[in-house]
Amino acid sequence: MKRVASNSDLRKIARRRVPKMFFDYVDGGAWTEATYRANADDLARIRLKQRVAVDVSRRSAKSTILGQKVSLPIGMSPTGLTGMVWPNGEIEVLKACEGAGIPYCLSTVSIASVEDVANAASAPFWFQVYMVRDRDFIEKLIRRVEAAGVNTLVLTLDLQMSGQRNKDIHNGLSSPPKPTLRNIANLATKPAWCLNMLRYRKMEFGNLYGHVSQVSSPKSLSKWTDEQFDPTLNWDDVKRLRERWKGKLVLKGILSPEDTGLAMDVGPDAIVVSNHGGRQLDGAPSTIEVLPNIVSTVAGRCEVLIDGGFTSGQDVFKGLALGADGVMMGRALLYGLGAGGRKGVAKALAMIRHELETTMGLCGVNSTAEIGPENLFHKA
């Protein structure tokens, strides 16, 4: 870890240490992965405006997201199966995020349960939920989330059906994972991961297993999960959740001005401009490409967060310059997790902070509030 200089270094280490099926789950996109690549490629094309002879000795990356003071204008995106990247992975990332002073969002399809994370947390965290067919389960889950002290609910809207992820198909990723010769051979090359997992011995969806009726085994849970994608999801469902949930509500998966307008009718506290990291609709635009139009449509009625392809402090700077209030990052922190557990996540966050504050200085700004389109030569 001493020679790590960038997020791409952490990715290389994680790729060596994490079994292929779980690394590819984190690292892959849908179909041809065109949208997955576009997220990063379009960010890379944005040119920053260098400024000189400006006093930038007071630089600070501090900001505010949903009323919470943060040391960086970023939050951890909800990511499934984090506990398969590293044992107790959700809690390891939570602790790293708490140490860095940024929000952590737990996924419904996490390995650790919301109760496990609440027991480890020293402050309120966010929870991401899907609107599945089993509405009774969702109601019970929200009660558990409320009891755990969660103050912010993130509703993912772009998973009415699962996108085709070819890497997962090739790897036979399922719950439980298929014990193919290829997977067994790959596990044999990851002895440290295997030993750590054997010590922890928790490899189930903590928010689901034991909380779903008529589910008594990992196989039956997998069948239930596959049946729960709900193509009937509509804005009336979202409005009912807004009425039910008394805390802060974030709507994740907004990618068009049309859906932005409909989201504003619900009255969220924030939206996340997201294409699910390129894991759902392959061929959709990058999030940074559509961000300015969505910010214009929101017109200050709620906060605008963004995810998709953000792996560095420079990427964060570009997102803020084009109007985002904050950036959600998933893969960037999971690479750190796979590379070195909690210390790896802390390293990823430290690099992002350094990159952001360095970029701020070279662009002539001292605070994140000063960052705007005038800091760019070319917009997305």
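Residues in residues 345-370 take part in no ring-ring contact (aromatic ring centres under 6.0 Å, His included) pair, two or more places apart or across chains. For residues 229-267, there are no ring-ring contact (aromatic ring centres under 6.0 Å, His included) pairs, not counting sequence neighbours. Applying the ring-ring contact (aromatic ring centres under 6.0 Å, His included) test to pairs two or more places apart or on separate chains, those with a residue in residues 128-149 are Phe137-Trp224. Within the structure, no pair that satisfies the ring-ring contact (aromatic ring centres under 6.0 Å, His included) test touches residues 82-114, not counting sequence neighbours.
Cation-pi check for Arg144 over Phe127 is not met; the charged atom does not lie both under 6.0 angstrom from the ring centroid and within 45 degrees of its normal.
A side-chain donor from one of Asp42 and Ser286 sits under 3.5 Å from a side-chain acceptor of the other. In the model, Asp282 has no side-chain atom that pairs as donor or acceptor with a side-chain atom of Tyr36 under 3.5 Å. For Gln164 and Asn166, the side-chain atoms include at least one donor-acceptor pair closer than 3.5 Å. For the residue pair Ser110/Glu90, the side-chain donor-acceptor check at 3.5 Å is not satisfied. In summary, the side chains of Thr189 and Arg16 do not present any donor paired with an acceptor at a separation below 3.5 Å, with no hydrogens or angles considered. Donor-acceptor pairing under 3.5 Å is recorded for the side chains of Ser274 and Asp307. Side-chain contact check for Ser8 and Ser6: at least one donor-acceptor pair (N or O, by modelled atom type) lies under 3.5 Å.
Residues forming a side-chain contact (heavy atoms from CB on, under 4.5 Å) with Ile65 (at least two apart in sequence, or on another chain): Val70, Trp126, Glu303, Leu305. By the side chain to side chain donor-acceptor pair (under 3.5 Å) test, Arg165 is found to be paired with Gln280, residues two or more places apart in sequence or in another chain being considered.
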message = Between Glu139 and Arg143, does the salt bridge (Lys or Arg N to Asp or Glu O under 4.0 Å) criterion hold? Intermediate values first, please.
response = CA-CA 6 Å; Glu139 174 58 29; Arg143 290 177 194 166; 3.1 Å; yes
